[in-house]
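The figures here come from the full heavy-atom set of this structure, side chains too, leaving out hydrogens, waters and symmetry mates. Lettering follows sequence order; numbering is per chain, from 1.
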2 protein chains.
Amino acid sequence: MKPKSTHATLHDVAELAGVSHQTVSRVINDSPSVSENTRQRVLEAIQQLNYQPNHTARALATRRSLTLEIVTFGVGYYGPAQMMGGVERAAKARGYRLFFSNLDRLTYADMRETVEDLKRQQVEGVVLIAPVRSVLYEELIKERNNIPVVQLATQKDVTFPSIIIDQHLGSRLATQHLIDTGHSSIAAISGPLHWNDAAARHEGWLDTLQDNHLNPVNWTEGDWSAASGYRAAHELVDHGAKFTALVIANDQMALGAILALRERGLRIPEDVSIVGFDDIPEASFFDPPLTTIRQDFSTLGEQSVEYLVEIIADPESAAGQRVLTPRLILRKSHR
Amino acid sequence: MKPKSTHATLHDVAELAGVSHQTVSRVINDSPSVSENTRQRVLEAIQQLNYQPNHTARALATRRSLTLEIVTFGVGYYGPAQMMGGVERAAKARGYRLFFSNLDRLTYADMRETVEDLKRQQVEGVVLIAPVRSVLYEELIKERNNIPVVQLATQKDVTFPSIIIDQHLGSRLATQHLIDTGHSSIAAISGPLHWNDAAARHEGWLDTLQDNHLNPVNWTEGDWSAASGYRAAHELVDHGAKFTALVIANDQMALGAILALRERGLRIPEDVSIVGFDDIPEASFFDPPLTTIRQDFSTLGEQSVEYLVEIIADPESAAGQRVLTPRLILRKSHR
DNA sequence: AATAATCATGTGAACGTTCACATATAAGTT
DNA sequence: AACTTATATGTGAACGTTCACATGATTATT
C-alpha cells in the first residue's frame with residue numbers, strides 16, 4: 001500500500017508504465033529516442049499519478065539549479081522595486097526561479113552572510129542591486145568570481161558586468177534644458193551622495209553649469225524622501241541665495257520641495273522652475289505636473305537577466321558595463 | 001589531484017580530518033555527541049577547505065527545503081511592495097529562504113503554472129498576496145492543501161489561514177470622522193471593486209453613511225492610479241452633485257483628485273475635505289498634507305510568516321483569519 | 001567483578017534525479 | 001548474408017547530504 005501523502009517518484013511512474021526509470025526520465029526531458037508508443041504509456045502514468053519532477057533531486061544530479069537570486073537594497077524605494085519586477089519577469093521567461101534577498105543595512109556581516117548563502121543555495125547567478133557606493137560589493141564579487149554577478153545601479157565605467165542608467169547624462173539633459181530656456185541661477189537638491197545615482201546626478205549638474213560658465217548657486221543634500229526635499233527647499237531659501245530654477249534628484253523630494261516653496265510664497269513655475277528625476281506615475285499629478293527625467297528601471301531589470309544568462313552560458317562573454325539612456329519628460333513645472 | 005573548481009564536500013572534510021563523513025555531519029549540525037577534540041579537528045578542516053554545506057543535497061535527504069515562496073500580484077503597487085519587505089525580513093529571521101514570484105495577470109493558466117512550480121520546488125509554505133477577488137485562489141489552495149498557505153489582503157471572514165487589515169473599519173474611521181466634523185454630503189472615489197480592499201473600503205463608506213441616515217451623494221470607481229483619481233474627481237463635479245467631502249480609496253488617487261478639484265476652482269479643505277488611504281510617505285507633503293488611513297503593510301508581511309511557520313510546525317494550528325487594525329492620521333486636507 | 005548504560009564514532013542505505021554505459025532489436029549497407 | 005549503423009531500452013553508479021542502525025570504548029550501577 002503506497003502512502004498517499006508522499007509524492008509520486010520516477011520509479012512509481014516507471015513501475016506503473018512498465019518501463020525503467022530511465023525511460024521515464026527520457027520522456028520528461030523530451031529525449032527523441034523513445035518510441036511514440038511507450039511515450040504515451042508513460043505520459044498516461046504521469047497523469048494518473050499526478051507526478052511532478054522533484055526539482056531538488058534534479059538540481060543535485062545535474063549541478064544546475066535553474067535558480068537566480070536577486071539581492072536588493074531597499075525594497076521600499078521606487079527604483080529597486082521596479083527593477084525587481086523586471087528581473088522577475090525576465091527570469092521566469094528564461095525558465096529560472098528567483099530567490100529574493102533584501103539587505104537592510106550594508107554592514108560587512110550582512111553582505112557576507114548573504115554571499116555565503118549564495119554558495120550554499122547553489123544559485124547559478126546573481127542580480128545585485130547595488131545603488132550605494134561601497135567597496136564591499138567588489139570584494140565579494142572578486143572573492144566569489146566563479147558565480148556570475150550582474151550589478152545594477154552601480155558606478156559608471158566600472159569593469160565588471162553591470163548595467164546602469166546614465167545619470168550624468170540625465171542630469172545634463174535637465175540642467176541644459178533649464179539653461180536653454182533662460183535660467184542662469186540654478187540650485188539643486190541632491191540625493192544622498194554615497195548613492196551612485198545621486199553622485200552622478202550631482203556631478204552632471206555641476207559639469208553642465210561649468211560648461212556653460214555658470215556658477216552653482218547653492219545646493220543641499222536630501223535622502224530621497226519627500227520629507228527631506230521639504231526641509232532642503234526651506235534651507236535653500238533660508239540661505240538667501242537667489243535661484244530661479246531647481247534640479248531635484250528625485251520626484252519624491254521634488255514633491256516636498258514644491259510644498260516648501262509654496263509655503264515661502266514662491267510660485268512654480270513663475271518664480272522657480274523645477275525638474276525632477278524618475279518620472280514616478282504620480283509625477284503627472286503634482287501641482288504643477290512635474291517635468292522630470294524618466295528612468296526605465298523595469299527594462300533595466302529585464303536586461304540584467306539577459307546579460308546574466310549570457311554569462312552563465314558563456315563566462316567569457318562577461319564584459320564590462322552596459323548603459324541605458326534616460327529621457328527628459330516636459331511638463332509644467334518649468335518655464 | 002583534487003580539481004579546485006568543484007566545491008569541497010562532506011567527504012573531503014572527513015578525509016582531511018581523519019574521521020567519517022557522518023562525524024562531520026554531526027559537527028555541522030551541532031550534535032552533542034562528538035568529542036571536543038574531534039570537533040575542533042573537523043572545524044579546522046572545514047575552515048581550511050572553505051567547506052559550505054550543500055543546501056540542495058540536504059533538502060533532498062531531509063525533505064525539508066527551508067524555503068518559502070511569496071507569490072504576489074502587482075509588485076508595482078505600494079501595498080504589495082511593503083508587504084514583500086516584511087515577508088523577506090521575517091523569513092530571513094526564521095532561517096528561511098524566499099522564492100519570489102509575481103503574477104502579472106490572474107489567468108487560470110498563470111496561477112496553475114505557479115502552483116505546479118510550487119510542488120516541484122519543494123517549497124515548505126507560501127505567502128500569497130491575493131488582493132483581488134478570485135475563486136482561483138481557493139481552488140488552488142484546496143487542491144494543494146498539503147502545502148501551507150497564508151493569504152494576505154484577501155476577503156474578510158474567510159475560513160482559511162489569512163491576515164487582513166480591516167478595511168471596512170478603516171473606511172468607517174474616515175467617513176465617521178467627516179460626519180463628526182459636520183459633513184453630510186460625502187462623495188467617494190473607490191478603487192477597482194474586484195480588489196478586496198477596494199470593495200471593503202467602499203462598503204465601509206456606504207454602511208457608515210447609512211448608519212448616520214445619510215445618503216451617498218455620488219461615487220466613481222478608479223484604478224488606484226493618480227491618473228484615475230484625477231479623472232474621477234473631474235467626473236464627480238461634472239455630474240453636478242454637490243459634495244463637501246470626499247473619501248478616496250488610496251493616496252495616489254487622492255493626489256490626482258486634489259489636482260483636478262483645484263483645476264475646477266475648489267479649495268481644499270475650505271470647499272471640499274479629503275481623506276485618503278494608506279499613508280504613503282509622500283502623503284504628508286501633498287498640498288495640503290493628506291489626512292489618511294494608515295495601513296501597516298510591513299508588519300502584515302511579517303506576521304504572515306509567523307503564522308506560516310506555526311502552520312508548518314503544526315498543521316493543526318491553521319485556523320482562520322487574523323485581523324489588523326488601521327489608523328486614522330489627521331493632517332490638513334479636511335475641516 | 002559483572003552487567004548495564006552512556007558516549008563517541010563508523011557503516012551503508014536512502015532521498016529522486018541524471019549520467020555514462022551496456023544491451024537488444026531493427027534497419028541500412030555492401 | 002554478414003557487417004555496420006541507428007534506435008529503443010535498461011542497469012548501476014553518482015550527486016552530497018541525513019537517517020537508521022551497528023560497533024567499540026568508556027563510565028556508571030549493583
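- A/His55 comes within 4.0 angstrom of no nucleic acid atom, judged by non-hydrogen atoms across all strands.
- Listed by chain and residue number, A/Ser298, A/Thr299 satisfy the side chain to side chain contact (heavy atoms under 4.5 Å, CB included) test with A/Asp296 (two or more places apart in sequence, or in another chain).
- Rounded to whole Å, atom P of D/dG16 lies 14 Å from atom CD of B/Glu15.
- Residues in residues 67-80 of chain B take part in these side-chain hydrogen bond (donor to acceptor under 3.5 Å, both in side chains) pairs, two or more places apart or across chains: A/Arg97-B/Glu69.
- B/Gln303 meets the side chain to side chain contact (heavy atoms under 4.5 Å, CB included) test with B/Ile163, B/Leu324; sequence neighbours excluded.
- Rounded to whole Å, atom P of C/dT25 lies 17 Å from atom CG of A/Asn37.
- No side-chain donor-acceptor contact under 3.5 Å links B/Gln40 and B/Glu44.
- For B/Gln22, the side chain to side chain contact (heavy atoms under 4.5 Å, CB included) criterion is met by B/Ser20, B/Ser25, B/Arg26, not counting sequence neighbours.
- The separation between B/Leu10 atom CG and C/dG10 atom P is 12 Å, rounded to whole Å.
- Between the CZ atom of A/Arg64 and the P atom of C/dT17 there is a distance of 18 Å, given to the nearest Å.
- As rounded to whole Å, 18 Å separates atom P of D/dG16 from atom CZ of A/Arg58.
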Reading 5' to 3' through nucleotides 9-15 of chain D, protein heavy-atom contacts under 4.0 Å coded B for base, S for sugar-phosphate only, - for none: BBBB--B
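- Take B/Glu124 and apply the side chain to side chain contact (heavy atoms under 4.5 Å, CB included) test, not counting sequence neighbours, and it matches B/Arg64, B/Ser65, B/Leu66, B/Leu68, B/Tyr96, B/Ile312.
- Residues in residues 300-316 of chain A take part in these salt bridge (charged side-chain N to carboxylate O under 4.0 Å, His left out) pairs, two or more places apart or across chains: A/Arg89-A/Glu302, A/Arg94-A/Glu306, A/Glu310-A/Arg322.
- The bend of the helix from C/dA1-D/dT30 to C/dT30-D/dA1, defined by the angle between the axes of its first five and last five pairs, stands at 40° to the nearest 10°.
- A/Gln122 comes within contact range of no nucleotide atom at all, as no heavy-atom separation falls under 4.0 Å.
- Distance CZ (B/Arg120) to P (C/dG16): 17 Å, rounded to an integer number of Å.
- Of the possible donor and acceptor atoms, none in the side chain of A/Asn54 sits under 3.5 Å from a partner among the backbone N and O of B/Leu60.
- Atom CD of B/Gln121 and atom P of C/dG16 are 16 Å apart (whole Å).
- The NE2 atom of B/His11 sits 8 Å away from the C1' atom of D/dG16 (whole-angstrom rounding).
- Listed by first then second residue, pairs satisfying salt bridge (charged side-chain N to carboxylate O under 4.0 Å, His left out) with a partner in residues 50-61 of chain B number zero, not counting sequence neighbours.
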